[in-house]
Enquirer: 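First, the structure itself, so that you have it in front of you.
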There are 2 protein chains.
Amino acid sequence: MSVHSGNTPCELCASRKLSLFADLPEQHVCTISDNKNLISHRKGQILFYEGTKPLGIFCINSGVVKVYKTASNGKEQILHLSKKGDFLGYSALLGEENYSNSAMIVEDAKICFIPKEAFLTTLFNNTPFFKRITKALSHELGVMEEKLTDATQKSIRERLAFVLIQLGNSYGVEGGENQKIDLVLSREEIAGMVGTATESVIRLLSEFKKDNLIELEGKRIIIKDRRGLARLSDFYA
Amino acid sequence: MSVHSGNTPCELCASRKLSLFADLPEQHVCTISDNKNLISHRKGQILFYEGTKPLGIFCINSGVVKVYKTASNGKEQILHLSKKGDFLGYSALLGEENYSNSAMIVEDAKICFIPKEAFLTTLFNNTPFFKRITKALSHELGVMEEKLTDATQKSIRERLAFVLIQLGNSYGVEGGENQKIDLVLSREEIAGMVGTATESVIRLLSEFKKDNLIELEGKRIIIKDRRGLARLSDFYA
DNA sequence: AAAAAAGACTGACATATATCATAAGAAATA
DNA sequence: TATTTCTTATGATATATGTCAGTCTTTTTT
């Protein structure tokens, strides 16, 4: 975990333009920039733990992070994956609560840490920015409600198909007819996204493969028939 | 659905003190009060539908409302129940999206409608109030994440036990050793809260009864052994 | 009050999925 | 390179829960 303080100011940061900081006026960008800390993280490292106190927010520069909760049976429920331009941990800060979930690096990452005060000051002195954050929060809530509904009303097969489609949307690289999911997740992690047992994922993946919906290339998954998966996922019902 | 415009100003409203409006300065309370509309609703009426455009927020004066999503199989997933002092629909407004869920009256209710402009103006001119709303939103997100995790990792039996405990907490009236849930929900609605089939709820409820955890009095449920239910719900694991 | 509709309940049954066990393959470590 | 550990894969098995069907009860409507 290496620190590059000040390294690349936010003013020049490419991933900032993807983020909620995109339209921040220069003055505020500078406040953030002066206070941020860019840190490199390796796969497997923890960004924060459920139950601990948030001291700031994280802005992902590169890499992938999984945000998850650990259930009482020890299994991880992955709430979402975050990538370049995404903010992490602002919900706990705004909720004035300890983290309600944990975050772990899934793909080597560079992440800026912005201390609480700098972030909140900017927020409270810039209503448009505050609005944007709140909008993101509201959207996240809607997404989570959707996930809950899917979790209770859809089968594992449907949910897995849906997760694959989403992974394709976010991490897919096109190649002819196919779409390769360019992100290495263990079967256990995929199970954590779907909310099922690892063995079920493995079994269903080989079923999907047999049905020519996907192809398996080691840990990587290639989507061969997106529409087929969509049909299976009950996406359009 | 009867309208009592202006009826009982917010300044004097008892349920306001329970709400996010609690600490609003007088000036802003008046803005809200001048614009609000108190409406009486009967059980079964719809407050808003998923997919429609929000025109304001709702503040519950009395009664109970269920907020739910309709899954592709037609079943309702109840996201939460709201009662006196609760706000409804602000998430869609702040997310600048159509409603992501629907709301229906479960117990006859009096509800104030506050038009979008009055609400947003107050919000954007009162940072502490905006903070409080955002805090509530963040908290809701955490709760939803917890529900998702429970939905994927716990059994129906555990989830039903947990729902009963929560209903006891929110709508329970004490009576000796027992706690009566003073809210009439159909078995189908309880199933919607748990995220399961109606028959499963019925079966499990009679099992709980046989195990002396609860008692059934028509539609009403009486909790006889809260700790037993908590143990069953894996609450402390 | 009678009729109709909706809801609660019980039983039979099918099956998706979790769990356990074991083996093969891949990756990490010595 | 050898050894150990982790991950993927496959099979066998148990069971919780969904679905369908039918009866009884309660509520609503006429």
Side-chain angles (χ1 to χ4, degrees), chain A residues 42-44 71-77 104 106 149-163 181 183-211 214-222 232-234, chain B residues 42-45 71-77 104 106-108 149-163 181 183-211 214-221 232-234:
Chain A
R42 306 282 318 272
K43 182 173 177 162
S72 48
N73 60 9
K75 288 193 185 169
E76 281 179 10
Q77 173 63 44
M104 184 189 280
V106 162
T149 307
D150 284 354
T152 61
Q153 307 294 354
K154 289 188 173 183
S155 69
I156 303 287
R157 163 186 268 99
E158 288 172 314
R159 277 145 60 190
L160 176 59
F162 189 56
V163 162
I181 297 173
L183 174 66
V184 174
L185 292 172
S186 68
R187 303 289 133 121
E188 193 177 358
E189 284 171 324
I190 297 176
M193 296 190 71
V194 176
T196 186
T198 307
E199 295 94 323
S200 297
V201 167
I202 293 173
R203 258 184 263 275
L204 286 169
L205 282 180
S206 38
E207 218 181 279
F208 287 179
K209 180 183 170 183
K210 211 183 58 196
D211 296 346
I214 61 170
E215 216 165 282
L216 299 176
E217 207 179 273
K219 294 211 184 202
R220 300 202 193 246
I221 297 167
I222 295 158
L232 229 170
S233 79
D234 193 28
Chain B
R42 306 282 319 270
K43 182 173 178 164
Q45 288 181 339
S72 47
N73 60 10
K75 287 193 186 171
E76 281 179 11
Q77 173 63 44
M104 183 189 281
V106 162
E107 196 175 70
D108 289 2
T149 307
D150 284 354
T152 61
Q153 307 294 355
K154 290 189 173 182
S155 68
I156 304 287
R157 164 187 265 96
E158 289 172 314
R159 278 146 59 193
L160 176 59
F162 188 56
V163 163
I181 297 173
L183 175 67
V184 174
L185 293 171
S186 68
R187 303 290 134 123
E188 192 177 359
E189 284 169 325
I190 297 176
M193 296 189 72
V194 176
T196 186
T198 307
E199 296 92 324
S200 298
V201 166
I202 292 172
R203 258 184 264 276
L204 285 169
L205 282 180
S206 38
E207 220 180 278
F208 287 179
K209 181 185 171 183
K210 211 182 58 195
D211 297 344
I214 62 170
E215 216 166 281
L216 299 176
E217 207 180 272
K219 294 211 185 201
R220 305 213 186 233
I221 297 168
L232 228 170
S233 79
D234 194 27

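When reading the values below, keep in mind they use all heavy atoms of this one structure, side chains included, and skip hydrogens, waters and symmetry mates. All chains are named by letter (A, B, ...) in the order of the sequence lines, taking the proteins before the strands, and each is independently numbered beginning at 1.
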Enquirer: Within the 4.0 Å heavy-atom criterion, would you say A:Ser155 contacts the bases, only the backbone, or no part of the nucleic acid?
Expert: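 Sugar-phosphate contact only - A:Ser155 comes under 4.0 Å of backbone atoms but never of a base.
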
Enquirer: What nucleic acid atoms does A:Lys209 come within less than 4.0 Å of, heavy atoms only: base, sugar-phosphate, or nothing?
Expert: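 It contacts nothing in the nucleic acid.
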
Enquirer: I need the CG-P distance between A:Leu204 and D:dA9, as an integer number of Å.
Expert: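 Rounding to the nearest Å, CG of A:Leu204 and P of D:dA9 are 12 Å apart.
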
Enquirer: Starting at atom CG of A:Leu205, determine the distance to atom C1' of C:dT17, rounded to an integer number of angstrom.
Expert: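 The distance from CG of A:Leu205 to C1' of C:dT17 comes to 15 Å, rounded to the nearest Å.
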
Enquirer: Check the distance between D:dT10's P and A:Lys210's NZ and give it to me in whole angstrom.
Expert: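 Atom NZ in A:Lys210 sits about 10 Å away from atom P in D:dT10.
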
Enquirer: Of A:Arg203 and A:Lys219, whose closest DNA chain D nucleotide lies nearer the 5' terminus?
Expert: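 The answer here is A:Lys219.
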
Enquirer: Taking atom P of D:dA16 as reference, at what distance in whole Å does atom CD1 of A:Ile156 sit?
Expert: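 Spelled out: CD1 on A:Ile156 to P on D:dA16 is 17 Å.
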
Enquirer: Locate the shortest heavy-atom distance separating A:Ala161 from A:Leu232; write the atom from each residue and the value.
Expert: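 Smallest interatomic distance, heavy atoms only, reads CB-CB, 4.2 Å.
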
Enquirer: Is any side-chain heavy atom of A:Leu160 closer than 4.5 Å to one of A:Phe208?
Expert: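 Yes, close enough: below the 4.5 Å cut-off.
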
Enquirer: Below 4.5 Å, heavy atoms only, C-beta onward: do B:Arg220 and B:Val184 meet side chain to side chain?
Expert: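 Heavy-atom side-chain distance check passes, below 4.5 Å.
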
Enquirer: Rounded to the nearest angstrom, tell me the gap between atom CG in A:Leu216 and atom P in D:dT7.
Expert: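 That distance rounds to 18 Å.
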
Enquirer: Need one value for B:Ile202: base, sugar-phosphate or nothing, where a base atom within 4.0 Å counts as base even if backbone is also close, heavy atoms only.
Expert: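 Here B:Ile202 touches the bases of the nucleic acid.
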
Enquirer: Counting C-beta onward and ignoring hydrogens, is there a side-chain heavy-atom pair between A:Thr152 and B:Arg159 closer than 4.5 Å?
Expert: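 Yes. Closest side-chain heavy atoms under 4.5 Å.
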
Enquirer: Starting from P on D:dC6, measure out to NZ on A:Lys43 and report it in whole angstrom.
Expert: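 Checked: the NZ to P distance equals 15 Å.
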
Enquirer: Looking only at side-chain atoms of A:Ser186, point me to the closest of D:dT19, C:dT19, D:dT8.
Expert: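 My answer, after comparing the listed nucleotides, is D:dT8.
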
Enquirer: What contact category does A:Thr196 fall into here, base, sugar-phosphate, or nothing, at under 4.0 angstrom with non-hydrogen atoms?
Expert: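 Sugar-phosphate, no base atom in range.
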
Enquirer: Tell me the interatomic distance from A:Glu199, atom CD, to D:dT7, atom C1', rounded to whole angstroms.
Expert: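 Rounded to whole Å, this separation is 11 Å.
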
Enquirer: Any idea which of C:dC9, C:dT17, C:dA18 is nearest the B:Arg187 side chain?
Expert: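 So the side chain of B:Arg187 is nearest to C:dC9.
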
